[in-house]
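Chain identifiers are assigned alphabetically (A, B, ...) following the order of the sequence lines, protein sequences preceding nucleic acid strands; residue numbering begins at 1 within each chain. These figures come from a predicted structure and were not determined experimentally.
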Number of protein chains: 2
Amino acid sequence: MTKRITISDVAIHAGVSKSTVSQYLNGRYDYMGQKTKEKIESAIKELKYSPNMVARSLKQKSSTTIGVIVANILHVFSTQVIRAIEDFCHEKGFHVIVCNADDNSDKEKTYIDMLRAKQVDGIIAFPTGDNVALYQGLLEEKYPLVFMDRLVDGLDIPTVLLDNYKAATLAVDLLKDYQRPAIVTSPLKENLTPRMERLIGFKNELAKHGKSLSDEYIACGEINEIQKKLTELFQLSEPPDAIFAINDRVLHEVLSFMNYQNIRIPDDVALVNVDDVSFAEFYQPALTTISQPAFEMGKKAAELLFTQIKNPQDISTRETFRFEPMVNRRKSC
Amino acid sequence: MTKRITISDVAIHAGVSKSTVSQYLNGRYDYMGQKTKEKIESAIKELKYSPNMVARSLKQKSSTTIGVIVANILHVFSTQVIRAIEDFCHEKGFHVIVCNADDNSDKEKTYIDMLRAKQVDGIIAFPTGDNVALYQGLLEEKYPLVFMDRLVDGLDIPTVLLDNYKAATLAVDLLKDYQRPAIVTSPLKENLTPRMERLIGFKNELAKHGKSLSDEYIACGEINEIQKKLTELFQLSEPPDAIFAINDRVLHEVLSFMNYQNIRIPDDVALVNVDDVSFAEFYQPALTTISQPAFEMGKKAAELLFTQIKNPQDISTRETFRFEPMVNRRKSC
DNA sequence: CTGAAAGCGCTTACAG
DNA sequence: CTGAAAGCGCTTACAG
């Protein structure tokens, strides 16, 4: 790489001091002579000077970069959230570093530590939930931090997530004409808020309608075990006549199973899921889904982070923001 | 934020000089006394010291960060490529900044300039193709750069992409029993290598089989115009009996159209596309697809970038790497 | 209206 | 085996 041009080169070339060039770069023209300005301007052009942001960051203690830690960028919801965050940051002249924690708390910790060492101005995370002491420390330092999708108990960290109870209520409503609803879900853990809340919400809301959701009707397992769980579910003496698939990944397994077993939707069993999927409209039958406003949620998270960055003392935004799910009524129930 | 602990604090606390602490941090223990080592170690622990990477970057001229500029992170292929790159970088202790250029050359230029100002160690880009002078400049500076998915004519920049001609050949082979194949594609522009090559490859390979692809059988338009183009296509006196959908986004439109028009696959018209999609296996009928090894491609791009970072003089890797498409034979043709 | 000087938090020859 | 000094490329009081 050729030798980089620095502010000194520009200063010499323009016949002024580094300070003056710096003033110019930072738009503090208040007292700057017209001539000086022009000299600097043309020196910059001629030398093709571009300031070294690392040096600036060191001095200003801001890297104009934020970190986003998702469980896995391959999940559609995460991708949409990242896109919204990146758009927001781009407008502000910020960059975003993307990290995949893979639901692994060690990896999450490594990422948080490294991002901090790189002096990123803030972090938006889908927290694993297992690094409570670490989160707590960041909170105490007033380090700008926003959580997405998952609640961590007892921590006063602003969080953006779906109103999962509402989503469950909508699912119950969509399935109200069916007698034996079942739910299919990935493994349940306390800190996996979406799954927990959707399950609990579904159960409670069914109860309000005088229907109970017994454990047999809860098919729960890792993605690669779902087929087996579904098999068991449909071997019950009274198999379900409706299914609530808790997210898009589970939905895939359900559709695959239905297809393989020649179970017709909605005639044999009705189906609704959370997360819109690309093929929902032209699938046979078109799938009724409950979607999350992913872009708005991402944008909100970015906004919350920036208000913290601007004013780390401000405590007013340290709350939980629930977004409304939307029903896309189609043909599967 | 509380006052950050610096290397000076550690030095004072341990009763040694900053230099020695720095040696320790960088693992140069060669001549370091056992006691010194221990003192430093415990000082770091007690103070919870973590080095400021920005300061280190300034001195070392490496930010241990790379930039990835995609057209749009929402495209599945891009997401997969990013995931592979991020995994690779994470192993090396690097971070990745993700940027969406939206096929907009101004946006691309802004991103490249800003990434460079932030001293990222290299860039992997899905180039818009319209900033040739800029690319040229980076090349001359020997700035680490790898292109993905798209070829830019006349520039000796290492590029990773699918063997699109091979993909087209495979498509022709899969469709060999059909008489009037058509192709559906997003708008064609010289620098949009995948589309161009797949179209040309398809045409040429058909010719080898004694079939011609007349212009009427090329449905080409922006995603939101595809439905209209398909309508025209199927109003031909001799409508196609097979379709090659050039990518996943086009495929969605085709399936939507087929569904709406009650055209049966493969009885009325056979179908094959490039890019595997999540629902291919359980769609009715299961979709025959030609997929790209996205993860390997992303990994390769990262490897190429790192060899350039390690040795910017080395010219040996400045070539084009074509990856083999794979056929996933299912039921749609 | 502009410049000299100090400092951000590191690393790295070099001296001893 | 360890430390003093210079320097990476900026910014920012402060002086004049």
Side-chain angles (χ1 to χ4, degrees), chain A residues 1-41 43-44 47-65 93 114 116-121, chain B residues 1-41 43-44 47-65 93 114 116-121:
Chain A
M1 261 170 280
T2 27
K3 194 185 159 304
R4 297 277 295 158
I5 307 292
T6 74
I7 198 171
S8 304
D9 301 318
V10 176
I12 293 169
H13 199 87
V16 298
S17 75
K18 291 194 300 174
S19 324
T20 308
V21 178
S22 180
Q23 308 284 16
Y24 174 87
L25 291 172
N26 291 286
R28 283 193 268 280
Y29 307 125
D30 311 11
Y31 299 98
M32 199 171 294
Q34 184 60 28
K35 271 206 191 134
T36 317
K37 224 188 288 190
E38 282 164 12
K39 281 190 293 182
I40 296 174
E41 203 165 356
I44 289 175
L47 299 173
K48 292 196 186 136
Y49 169 70
S50 144
N52 180 329
M53 300 291 269
V54 170
R56 174 180 290 178
S57 292
L58 178 58
K59 187 70 193 178
Q60 301 204 141
K61 283 149 178 6
S62 158
S63 56
T64 58
T65 303
M114 292 198 52
R116 296 218 53 198
K118 281 195 182 165
Q119 316 297 116
V120 301
D121 294 330
Chain B
M1 262 171 279
T2 28
K3 194 185 159 305
R4 297 277 296 159
I5 307 292
T6 75
I7 198 171
S8 303
D9 301 318
V10 176
I12 292 169
H13 200 87
V16 299
S17 77
K18 290 193 301 174
S19 323
T20 308
V21 178
S22 179
Q23 307 285 14
Y24 174 87
L25 291 172
N26 291 286
R28 282 194 268 281
Y29 306 125
D30 312 11
Y31 299 98
M32 199 172 295
Q34 184 60 27
K35 271 207 193 133
T36 318
K37 224 189 289 192
E38 283 163 12
K39 280 189 294 183
I40 296 174
E41 203 164 355
I44 289 176
L47 299 174
K48 292 195 184 137
Y49 169 69
S50 146
N52 180 328
M53 300 290 269
V54 171
R56 174 180 289 177
S57 293
L58 178 58
K59 187 69 194 178
Q60 301 203 141
K61 285 154 174 7
S62 158
S63 57
T64 57
T65 304
M114 291 199 51
R116 296 219 53 199
K118 281 197 181 163
Q119 315 297 116
V120 300
D121 294 331

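- Distance, A/Lys35 NZ to C/dC1 C1': 13 Å, rounded to whole Å.
- Phosphate proximity of D/dG3 to B/Tyr24: absent, as no side-chain N or O sits under 4.0 Å from OP1 or OP2.
- A/Ile12 pairs by the side-chain contact (heavy atoms from CB on, under 4.5 Å) definition with nothing, not counting sequence neighbours.
- When the ring pair (Phe, Tyr, Trp, His ring centres under 6.0 Å) test is applied to B/Tyr49, no partner is found at least two apart in sequence or on another chain.
- In this structure, B/Asp9 places its CG atom 13 Å from C1' of C/dC10, rounding to the nearest Å.
- Distance CZ (A/Arg56) to P (C/dC10): 21 Å, rounded to an integer number of Å.
- For A/Asn52, the side-chain atoms get nearest to D/dC10 when compared with the rest of C/dC10, D/dC8, D/dC10.
- Partners of A/Lys118 under the side-chain hydrogen bond (donor to acceptor under 3.5 Å, both in side chains) rule, at least two apart in sequence or in another chain, are B/Thr64, B/Thr65, B/His95.
- We find that NZ of B/Lys118 is positioned 19 Å from C1' of D/dC8, with the value rounded to whole Å.
- Remark: C1' of C/dC10 and CD1 of B/Ile40 are 15 Å apart, rounded to the nearest angstrom.
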Given Watson-Crick and G-U pairs under 3.5 Å, DNA chain C in dot-bracket ([ ] crossing, | other strand) is |||.||||||||.|||

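- Two residues, B/Ala55 and B/Ser17, neighbour DNA chain D, and the one matched to the more 5' nucleotide by heavy-atom proximity is B/Ser17.
- Distance, A/Ile7 CD1 to D/dG7 P: 18 Å, rounded to whole Å.
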All N/O contacts under 3.5 Å from nucleotides 12-16 of chain D to the protein, with atom names and distances to one decimal?
from	atom 1	to	atom 2	distance (Å)
D/dT12	OP1	A/Gln60	OE1	3.4
D/dT12	OP2	A/Arg28	NH2	2.6

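- In terms of the side-chain contact (heavy atoms from CB on, under 4.5 Å) criterion, residue partners of B/Ser19 (sequence neighbours excluded) are, by chain and number, B/Ser17.
- Sequence order on DNA chain C of the closest nucleotides to B/Ser50 and A/Gly15 puts A/Gly15 first from the 5' end.
- Contacts of A/Ala11 classified as side-chain contact (heavy atoms from CB on, under 4.5 Å), with partners at least two apart in sequence or in another chain: A/Lys18, A/Val21.
- No side-chain heavy atom of A/Asn52 sits under 4.5 Å from any side-chain heavy atom of A/Arg4.
- The residue B/Val16 sits close only to the backbone: its heavy atoms come under 4.0 Å of sugar-phosphate atoms, none of a base.
- With sequence neighbours excluded, the residues that form a side-chain contact (heavy atoms from CB on, under 4.5 Å) with A/Lys37 are A/Tyr24, A/Tyr29, A/Met32, A/Gln34.
- Among residues two or more places apart in sequence or in another chain, the side-chain hydrogen bond (donor to acceptor under 3.5 Å, both in side chains) test is passed with B/Gln119 by none.
- Per the geometry, CG belonging to A/Leu25 stands 8 Å off P belonging to D/dC10, to the nearest Å.
- At D/dG9, one or more side-chain N or O atoms of B/Lys61 fall inside 4.0 Å of OP1 or OP2 (strictly under the cut-off).
- In plain terms, the two heavy atoms of B/Val10 and B/Ile5 that are nearest each other are CG2-CG2, 4.4 Å.
- In this structure, A/Leu58 atom CG and D/dC8 atom P are separated by 14 Å, rounded to whole Å.
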